[in-house]
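Accompanying notes for the structure given below.
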Amino acid sequence: MIPLARKTLVHEWRRFVPAVFAVGFSGLLLMVQAALVLGIFGSAAVYVRASTADLWAGYPGTQSVNFGRAIGRDVESRMRMDSAVTAVEPYLWVDGDWRSAQAGAGGISVYVSGIRSAPDGMLFARLIAPWQRDALREPGAVIVDRADLDTLGVRVGQTAWINSHPVRVAAAVDGLRGLGGVNVLASLDTAREIAGAEAGSGSTYVVARTRSPADAAAAQARLSQGGPGFGPFEVWTARQFSRRSQLYWMFDTGAGVAVLFMVIVVCLVGTVVTSQSLMGVVAGTAREYAVLNALGASRGALGRLVIEQACWIGGLGLLVAGATSAALLGVAAAYGVPVAMTPRVAAACAVLVGIVALFSGFFAIRGLLRADPALLLR
């Protein structure tokens with residue numbers, strides 16, 4: 001019966017093509033939705049993922065990076081006191097109002113990130129090149145995402161204003177886009193000038209690098225104990241803070257709940273389409289199954305035939321889904337759409353589609369109850 005399943009797929013491929021494309025369509029929906037979820041909510045933690053810091057210190061209870069509050073300067077000293085910490089630097093977050101020189105252009109909300117312009121800076125080290133970081137040394141120099149240039153109404157080298165302070169776009173990079181506003185990188189001095197009196201003498205966060213990433217958890221536990229005279233602060237590992245920011249936007253905001261609901265609906269639609277397609281294949285071959293049953297094939301053997309056909313259809317459908325997903329996600333990334341995919345998530349989507357195809361095959365076996373020799377007489 002097992003060789004028969006493969007031979008049937010080869011010789012009657014036209015009958016099975018719709019089912020293969022149905023599985024492929026289901027896998028494509030899952031892959032694209034997963035990539036959009038990872039990309040959209042992953043951008044909430046771009047500040048953490050694009051940096052090489054192992055530890056983040058901020059105001060206690062901070063739910064997301066963009067909700068940071070000022071902490072005292074002594075927190076930086078406390079971080080330096082830990083034996084596992086090898087480097088420390090401040091991070092200043094400033095909410096700004098961007099205005100370009102274009103006639104009639106209104107204000108745009110921007111998030112200004114004040115970072116060290118030294119070559120060994122940790123913040124956004126995975127995103128900006130050394131020459132771009134060096135360009136921030138110029139007073140008023142800023143870096144924006146290339147996809148946000150049209151939104152901001154500027155080009156590289158042009159001047160705009162943030163909170164009425166003139167700035168010049170020194171460079172544009174890819175991968176800086178975030179949730180809720182436009183991200184702008186500036187030096188600490190430029191950010192403090194933009195913030196004005198609100199900046200104070202402290203910073204929004206203090207980030208640190210440990211001797212080894214493996215030392216981060218132990219250092220975080222020690223630093224979380226605080227100390228007298230350092231003011232309120234909380235310490236997270238980079239992984240914890242990144243996850244914390246993403247989970248907030250995913251589950252604690254209306255936008256996150258809406259996206260997750262859409263993902264669930266897409267999964268249900270894909271499951272129904274796949275199941276109905278496989279059941280349709282079995283229903284369309286009921287007469288052939290009746291012949292086999294009349295020739296002595298047991299219902300168990302016919303069931304194994306259906307299950308193998310479902311496995312082959314699922315495997316071919318996954319190949320179709322993988323190829324089309326890769327192409328679509330590549331096009332989306334080229335146009336600046338926030339998408340991301342990891343091997344673990346891709347494997348999870350493939351396993352889910354495979355399970356759907358397998359269970360659809362089990363449900364389709366019910367059609368074999370009609371596979372009776374009496375059908376040949378109708």
Side-chain angles (χ1 to χ4, degrees), residues 1-10 12-13 15-42 246-247 250-251 256-257 259-286 289 298-329 339-371:
M1 281 297 173
I2 299 303
L4 178 61
R6 293 193 292 268
K7 290 180 180 179
T8 303
L9 287 172
V10 172
E12 298 187 28
W13 59 271
R15 176 178 295 176
F16 296 96
V17 164
V20 171
F21 278 104
V23 175
F25 179 69
S26 177
L28 174 63
L29 288 177
L30 280 175
M31 293 279 193
V32 172
Q33 287 295 320
L36 285 172
V37 169
L38 290 177
I40 292 172
F41 296 113
Q246 292 179 65
L247 290 179
M250 190 176 296
F251 296 110
V257 173
V259 171
L260 291 177
F261 178 77
M262 181 175 62
V263 170
I264 293 173
V265 171
V266 167
C267 292
L268 290 176
V269 170
T271 301
V272 171
V273 169
T274 302
S275 177
Q276 292 300 314
S277 297
L278 289 175
M279 292 175 68
V281 169
V282 174
T285 54
Y289 291 140
S298 66
R299 292 182 182 274
L302 294 178
R304 289 192 295 273
L305 172 64
V306 173
I307 293 301
E308 174 159 3
Q309 286 179 343
C311 291
W312 278 103
I313 290 172
L316 294 173
L318 284 175
L319 292 177
V320 173
T324 53
S325 297
L328 285 178
L329 294 181
V339 292
M341 181 55 66
T342 64
R344 180 178 298 180
V345 174
C349 291
V351 169
L352 184 57
V353 172
I355 291 175
V356 169
L358 187 60
F359 274 92
S360 298
F362 281 117
F363 283 116
I365 292 177
R366 294 182 305 174
L368 291 178
L369 296 176
R370 299 179 61 248

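Given the structure is predicted, the values throughout are model-derived calculations rather than measurements. The figures that follow rest on heavy atoms only: side chains count, while hydrogens, waters and symmetry mates do not.
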ask   = Can you tell me how far CG of L329 sits from CG of L28, rounded to the nearest 0.5 angstrom?
value = 8.5 Å

task = Rounded to the nearest 0.5 Å, what's the gap from CG on L30 to CZ on F25? Could you check?
result = 10.5 Å

task = For M341 and A346, work out which heavy atoms get closest and say how close.
result = SD-N, 3.6 Å

List, one per line, each side-chain donor-acceptor pair under 3.5 Å for residues 317-326, sequence neighbours excluded.
residue	atom	partner	partner atom	Å
T324	OG1	V320	O	2.8
T324	OG1	A321	O	3.2
S325	OG	A321	O	2.6

remark   = Sorted by chain and residue number, the side chain to side chain contact (heavy atoms under 4.5 Å, CB included) partners of V351 (sequence neighbours excluded) come out as I355

inquiry  = What verdict does the side chain to side chain contact (heavy atoms under 4.5 Å, CB included) test give for V23 and V353, after you've listed the backbone C-alpha separation in whole Å, the side-chain angles of each residue and the deciding distance to 0.1 Å?
reply    = CA-CA 7 Å; V23 175; V353 172; 3.5 Å; yes

